[in-house]
Amino acid sequence: KHNNLPTTLEFDINIDGLPLHKKPKTQFWPILLKVVGYPQWPVLIVAIFCGPSKPESNETFLRSLVDEINSLSNTGLVLDGGKIDVKLRAIIADIPARSFAKGVQGHTGRNSCLKCCCKGETLDRRVVFVDTNAPRRTDEAFRNGEYGLHQTGTTPLIDLPNFDIIEGIISCERLHQIDIGVTKKMLKIFYDGVLPGRRRWNRQQRDIIDRRLNSIIFPMEAYRKLPVLEELSSWKGSECKTFLHYAAPVVLKGILSDEEYKHFMLYFCAITIFSSTAHKTHWIDAKKMLTEFVEQCKNIYGKISLTPNVHSLLHIYDEAMKFGALQNYSTYCFESKLGQIKNRLIRTSYRCLEQAIRRISELESFNLPSTGSTFKKPVYKKRGQTIRLYLREGFTLKNDGVNEWFLTSKNEVCRFISAYKTEGKLIISYRMFSTLYEYFTEHISSLELFIYSAERNEFFPEIFETDCADVKCKLVSIYDEKESK
């Protein structure tokens with residue numbers, strides 16, 4: 001139950017396959033819904049298809065959904081005597097699911113790109129996309145059936161009159177296309193040498209990488225310690241994401257060649273910029289970086305590296321301008337819900353759909369207490385010499401050597417020491433680095449991305465104090481053994 005509902009609600013739809021059992025072969029195809037702008041609201045189950053394989057037709061699978069969306073769009077949602085306008089914002093799915101829903105070629109097709117008319121080439125039994133400046137597809141042309149090779153069938157989605165079927169279906173989603181599709185793939189190129197003619201890292205290089213990864217201790221809000229690269233094949237998307245944003249620039253330095261490192265940093269800088277609206281002024285620069293990254297892939301790793309996932313990076317800018325930063329339209333929250341469906345709703349392989357429906361009905365009948373945030377204002381707790389400062393939801397400072405680094409509104413890198421209350425205000429005591437350096441200048445200054453380099457003990461001698469409101473964000477501290485900083 002939620003209070004203070006808005007006058008308009010936008011929502012995203014997710015479609016994905018969920019294998020349940022091998023014997024008998026059973027899988028779910030749930031349709032999930034997430035309300036936009038309310039991250040604390042849960043992902044909702046709209047419908048579940050159950051069968052030995054995916055639905056045979058997108059018409060039977062999606063027709064009821066399309067009809068209900070149109071009905072809600074026309075009448076709105078009436079609640080407590082008030083009307084709430086309802087609008088479909090986007091459809092977010094991995095490549096197989098969205099190809100099925102849209103009735104277009106899958107990733108193995110030469111005309112499979114959802115956003116542009118780039119025609120792929122077949123190379124070593126793989127489809128690669130070389131063109132970086134192909135004409136963009138349009139909603140009108142798609143509805144008129146003008147993309148004959150791209151469109152392999154029809155789809156009920158064209159009966160959504162207020163939905164742009166080109167712009168509204170995400171083509172470069174964070175989890176599948178970026179974290180797994182590009183970041184993990186590049187690590188496999190480096191570590192295993194999976195491309196033709198590519199040598200893998202030797203044992204000495206692998207040991208250096210593993211040592212650097214093991215030395216990184218992440219704050220409590222970030223992911224747990226990263227696995228060694230020997231377990232790369234089982235790395236999850238969240239682990240690839242953590243590696244890219246925090247570890248990659250330091251861990252890969254001196255291991256990759258200068259050309260490879262500069263090329264990888266194009267990707268790192270661009271994805272970092274698109275990951276936050278705090279960098280929105282640099283989004284156009286990030287677009288140019290990704291274009292350069294894709295174009296240079298051919299020269300450094302060969303045409304074979306220009307996979308559909310790499311090509312999709314060219315369309316991030318347009319989607320970010322429409323939907324916001326990358327996490328605003330990722331499938332991470334939907335994947336979490338799929339895990340709950342499989343692990344909490346299903347107990348045996350007998351009548352899986354009936355089990356799921358019964359569990360859902362039982363959960364809906366319970367008057368469960370709200371699981372929303374109970375955080376109201378900053379508070380600190382002291383236990384011995386350890387001080388925890390709960391600054392805001394999901395943000396804790398602690399003087400333990402790991403969770404003590406933060407950035408002020410003036411972009412000062414600080415080390416948390418203590419906190420105390422005076423005259424109703426919570427004051428932070430901290431030390432501040434006397435000198436900050438750029439960690440890199442290639443492509444963009446690292447300072448623009450809130451990435452700094454400093455000598456370990458180069459602090460001002462005095463202790464500074466500030467109000468909690470002056471804290472901008474938390475930082476991750478990583479020692480660069482190559483630079484000794």
Side-chain angles (χ1 to χ4, degrees), residues 10-15 31 36 55 57-63 65-70 73-74 87-122 127-173 176-177 181 283-284 287-288 290-291 294-295 306-324 328-329 331:
E10 289 188 314
F11 63 91
D12 295 332
I13 289 292
N14 170 260
I15 300 169
I31 299 176
V36 177
S57 167
N58 60 16
E59 172 66 31
T60 55
F61 182 59
L62 295 174
R63 175 54 61 187
L65 173 69
V66 169
D67 291 342
E68 189 166 356
I69 291 176
N70 284 332
S73 298
N74 294 331
K87 180 182 178 183
L88 172 62
R89 186 186 73 150
I91 295 176
I92 309 172
D94 60 11
I95 293 179
R98 64 176 178 245
S99 299
F100 165 69
K102 196 175 178 180
V104 298
Q105 283 189 350
H107 64 282
T108 57
R110 295 186 181 184
N111 300 274
S112 59
C113 182
L114 299 183
K115 300 292 184 179
C116 72
C117 299
C118 176
K119 186 173 182 179
E121 304 175 14
T122 301
V127 175
V128 297
F129 295 88
V130 180
D131 191 356
T132 59
N133 197 31
R136 296 296 186 263
R137 300 191 191 276
T138 66
D139 177 75
E140 181 181 4
F142 188 94
R143 292 177 183 274
N144 292 334
E146 296 179 17
Y147 302 122
L149 296 176
H150 174 64
Q151 296 175 254
T152 58
T154 60
T155 174
L157 299 178
I158 61 174
D159 294 329
L160 295 170
N162 301 316
F163 181 73
D164 191 311
I165 203 166
I166 301 298
E167 294 184 358
I169 298 181
I170 302 299
S171 69
C172 191
E173 183 273 319
H176 298 97
Q177 270 69 58
W283 280 6
I284 188 66
K287 176 186 179 182
K288 297 175 183 176
L290 287 179
T291 301
V294 174
E295 291 174 344
L306 298 175
T307 62
N309 289 326
V310 171
H311 174 78
S312 69
L313 297 175
L314 299 172
H315 305 304
I316 289 182
Y317 175 77
D318 294 331
E319 293 182 342
M321 291 302 293
K322 184 175 178 65
F323 302 110
N328 289 353
Y329 53 96
T331 59

For this session: Determine, stepwise, if the pair Leu62 / Phe100 fulfils side-chain contact (heavy atoms from CB on, under 4.5 Å).
Result: CA-CA 11 Å; Leu62 295 174; Phe100 165 69; 5.8 Å; no
For this session: For Glu146, look at atom CD and say whether over 12 heavy atoms of other residues, nucleotides or ligands are found less than 6.0 Å away.
Result: yes
For this session: Would you mind checking if Glu319 and Lys115 are paired as a salt bridge, meaning a charged N to carboxylate O distance below 4.0 Å?
Result: yes
Exercise. Can you name the nearest heavy-atom pair linking Arg136 to Cys116, along with the distance?
Worked result: NH1-CB, 3.9 Å
For this session: Return yes if some donor-acceptor pair links the side-chain N/O of Tyr147 with the main-chain N/O of Thr138 below 3.5 Å, else return no.
Result: yes
Problem set entry | Minimum heavy-atom distance Arg89-Phe163, with the two atoms named | O-CE1, 3.9 Å
Exercise. More than 12 foreign heavy atoms under 6.0 Å from CD of Glu59: is that the case here?
Worked result: yes
Exercise. About how many Å separate CD1 of Ile166 and CG of Asp318, when rounded to the nearest 0.5 Å?
Worked result: 12.5 Å
Problem set entry | Rounded distance (nearest 0.5 Å) linking atom CE of Met321 with atom CD1 of Ile284 | 8.0 Å
For this session: Go through the side-chain N and O atoms of Ser312 and Gln177 and say whether any donor and acceptor fall under 3.5 Å apart.
Result: no
For this session: Please step through side-chain contact (heavy atoms from CB on, under 4.5 Å) for the pair Asn14 and Thr331, ending with a clear verdict.
Result: CA-CA 8 Å; Asn14 170 260; Thr331 59; 3.8 Å; yes
Problem set entry | For Phe61 against Pro55, the heavy-atom pair lying closest together | CD1-CG, 3.6 Å
Seminar exercise, completed: CZ of Arg63 to CG of Asp159, rounded to nearest 0.5 Å, is 4.5 Å
Exercise. Quick one: OG1 on Thr152 to NZ on Lys102, what's the gap to the nearest 0.5 Å?
Worked result: 11.0 Å
For this session: Please round to the nearest 0.5 Å and tell me the distance separating atom CD of Gln105 and atom CZ of Arg110.
Result: 10.0 Å
Exercise. Which distance, rounded to the nearest 0.5 Å, do you find between the OG1 of Thr132 and the CD of Glu295?
Worked result: 4.0 Å
For this session: Classify the angle between the aromatic ring planes of Phe142 and His150 as parallel (below 30°), tilted (30 to 60°) or perpendicular (above 60°).
Result: perpendicular
Exercise. With distance as the sole test, does Arg98 use its side chain to make a donor-acceptor pair with the main-chain N or O of Ile91 at under 3.5 Å?
Worked result: no
For this session: Would you name the heavy atoms of Gly109 and Phe129 that are closest together and state the gap between them?
Result: O-CZ, 3.8 Å
Problem set entry | side chain to side chain contact (heavy atoms under 4.5 Å, CB included) partner of Pro156, the single match among Val66, Leu65, Asp67 | Val66
Problem set entry | Heavy-atom pair of closest approach, residues Asn328 and Asp12 | O-OD2, 4.1 Å
For this session: Say whether, by atom type as modelled, one donor and one acceptor occur between the side chain of Asn58 and the main chain of Thr154 under 3.5 angstrom.
Result: yes
Exercise. Hey, does the side chain of Asn111 reach the backbone of Lys119 with a donor-acceptor pair shorter than 3.5 angstrom?
Worked result: no
Problem set entry | Criterion side chain to side chain contact (heavy atoms under 4.5 Å, CB included) against Thr291, the qualifying member of Asn133, Leu314, Leu313 | Leu314
For this session: Check the pair Lys287, Ile316 against side-chain contact (heavy atoms from CB on, under 4.5 Å), reporting the backbone distance first and the verdict last.
Result: CA-CA 8 Å; Lys287 176 186 179 182; Ile316 289 182; over 6 Å; no
For this session: Provide the closest heavy-atom pair for His311 versus Cys113 in the form atom of the first, atom of the second, distance.
Result: NE2-SG, 3.4 Å
